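Heads up: the structure comes next, in structure tokens.
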There are 2 protein chains.
Amino acid sequence: MGITKSEHFTDHQNELANVLKALGHPARVAIVEYLIQHKQCICGDIVNELPLSQATISQHLRELKQVGVIQGNIEGNSICYCLNPQVFEQITQFMGIVIESVTKNKCC
Amino acid sequence: MGITKSEHFTDHQNELANVLKALGHPARVAIVEYLIQHKQCICGDIVNELPLSQATISQHLRELKQVGVIQGNIEGNSICYCLNPQVFEQITQFMGIVIESVTKNKCC
DNA sequence: AAATTATATCGTAATATTGCAATATAGATT
DNA sequence: AATCTATATTGCAATATTACGATATAATTT
């Protein structure tokens with residue numbers, strides 16, 4: 001098979017999984033870290049930063065944009081990308097719930 | 001190709017990406033949510049909960065265990081799984097840095 | 001010790017992801 | 001309008017993931 005059975009899971013589970021999957025690649029983590037440091041970027045900045053082709057970087061940026069991790073604004077010739085905080089707040093909330101649950105009781 | 005160029009990224013980037021990738025599947029999100037509610041589980045509990053085969057559930061549990069999201073303790077016949085808080089604290093820290101960075105300045 | 005219960009692993013098919021060269025698109029500059 | 005610059009898309013090959021049936025392993029019960 002190879003197809004994830006999304007229809008069996010809740011919207012919340014699918015959405016959260018999609019965002020985490022998008023962040024689950026070292027190049028995309030590196031892009032986010034670049035944006036933490038530089039606040040914004042254009043595709044070419046990342047092409048200069050990472051040892052991947054322009055086509056590959058463009059693809060990674062699209063994936064991050066698709067799940068709302070970054071947003072892009074057209075600026076003349078190029079597209080200015082920056083981080084979208086909302087998604088990270090969602091993830092942090094989920095992680096907080098996990099941590100709260102775990103610290104309450106020891107493991108089996 | 002299809003092979004991630006891990007060697008070009010830092011250990012931190014690869015490790016974080018691996019954990020996020022492991023959490024980036026709705027079934028594995030569902031397993032974590034089950035553990036939030038029930039504190040612990042055996043493989044069979046999840047098999048009863050999700051519409052996936054025993055073999056598939058076992059595989060998902062192994063992936064979560066491999067990156068340290070859960071830990072398993074042998075208890076007689078079965079294996080008791082529970083959440084490992086450390087990993088989530090790492091992720092939360094990363095998310096916190098992102099949020100802090102973003103709230104400081106507006107997007108382009 | 002045979003049967004039962006619980007989980008893991010193997011093998012395999014279907015699908016998804018990663019990466020890149022080549023090409024397309026679109027605004028800016030000359 | 002031709003050229004340049006920046007990014008996106010297409011097509012493809014290599015690899016990874018997802019899922020499951022069948023089988024293996026290992027402790028428990030009868």
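Computed from a predicted model, the values in this text were never measured in an experiment. Every heavy atom of this structure was used, including side-chain atoms; hydrogens, water molecules and symmetry mates were not. Residue numbering restarts at 1 for every chain, and letters A, B, ... go by the order of the sequence lines.
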- Message: Under 4.0 Å, heavy atoms only, any strand: does B/S78 hit a base, just the sugar-phosphate, or nothing?
- Response: sugar-phosphate

Between NE2 of B/H8 and C1' of C/dC20 the distance, given in whole Å, is 13 Å

B/I97 backbone acceptor or donor facing B/S101 side chain under 3.5 Å = no

- Query: Across the strands shown, which category fits A/E75 at heavy-atom distances under 4.0 angstrom: base, sugar-phosphate, nothing?
  - Reply: nothing

Tell me whether the side-chain N/O atoms of A/T56 come closer than 4.0 Å to OP1 or OP2 in C/dT18.
no

Practice problem: Return the orientation label for the A/H25 and A/H60 ring planes: parallel under 30°, perpendicular over 60°, tilted otherwise. | Solution: tilted

Under 4.0 Å between a side-chain N or O of B/R62 and OP1 or OP2 of C/dT7? no

Q) Just by distance, do the side chain of B/N48 and the backbone of B/D45 share a donor-acceptor pair under 3.5 Å? A) no

task = Mind checking B/L52 for me? I need base, sugar-phosphate or nothing, with any heavy atom below 4.0 Å counting as a touch.
result = sugar-phosphate

- Query: Can you check whether A/I99's main-chain N or O pairs, donor with acceptor, with A/T103's side chain at less than 3.5 Å?
  - Reply: yes

Picking from C/dT7, C/dA26, D/dA27, the nucleotide nearest the side-chain atoms of B/I79 would be C/dT7

Rounded to whole Å, CD of B/Q54 lies from P of D/dA24 at a distance of 15 Å

Are any of B/H25's side-chain N or O atoms less than 4.0 Å away from OP1 or OP2 of D/dA19? yes

- Message: What's A/S53 touching, base or sugar-phosphate or nothing? Going by heavy atoms closer than 4.0 Å.
- Response: base

Heavy-atom nearest nucleotide on DNA chain D taken for B/R28 and for A/C43; more 5' hit belongs to A/C43

Separation of C/dT7 atom P from B/Q40 atom CD, nearest Å, is 12 Å

Against the side chain of A/Q59, the closest entry in C/dT7, D/dA19, C/dT18 is C/dT18

Testing C/dA28, D/dA27, C/dG19 for proximity to the side chain of B/N77, the answer is D/dA27

Per atom distances to the A/K21 side chain, the nearest of D/dT7, C/dA16, C/dT7 is C/dA16

Whole-Å distance, A/I46 CD1 to C/dG19 C1', equals 17 Å

In whole angstroms, the gap separating P of C/dT7 from CG of B/N73 amounts to 13 Å

* Considering just the side-chain nitrogens and oxygens of A/H60, establish if one lies under 4.0 Å of OP1 or OP2 belonging to C/dT17. => no

inquiry  = Using only atom types and a distance under 3.5 Å, with no angle test, would you say the side chain of A/N84 pairs donor to acceptor with the backbone of A/G68?
reply    = yes

Practice task
Under 4.0 Å between any heavy atoms, over every strand shown, what does B/I42 touch: base, sugar-phosphate, or nothing? Just pick one.
Solution key: sugar-phosphate

Q.
Test your reading of the model: is there a side-chain donor-acceptor pair from A/Q13 to the backbone of A/T10, 3.5 Å cut-off?
A. yes

To the nearest angstrom, the CG-C1' distance between B/L50 and D/dC20 comes to 15 Å

Ranking C/dA6, C/dG19, C/dT15 by distance to the side chain of A/I3, first place goes to C/dT15

Rounded to whole Å, the CD1-C1' distance (B/I70 to C/dA8) equals 14 Å

Margin query: Just N and O in the side chain of A/Y81: are any of them under 4.0 Å from OP1 or OP2 of D/dA8?
Written below: yes

To the nearest angstrom, the CD-C1' distance between B/E7 and D/dT15 comes to 14 Å

Is there a side-chain contact between A/K5 and the phosphate of D/dC20, meaning an N or O under 4.0 Å from OP1 or OP2? yes

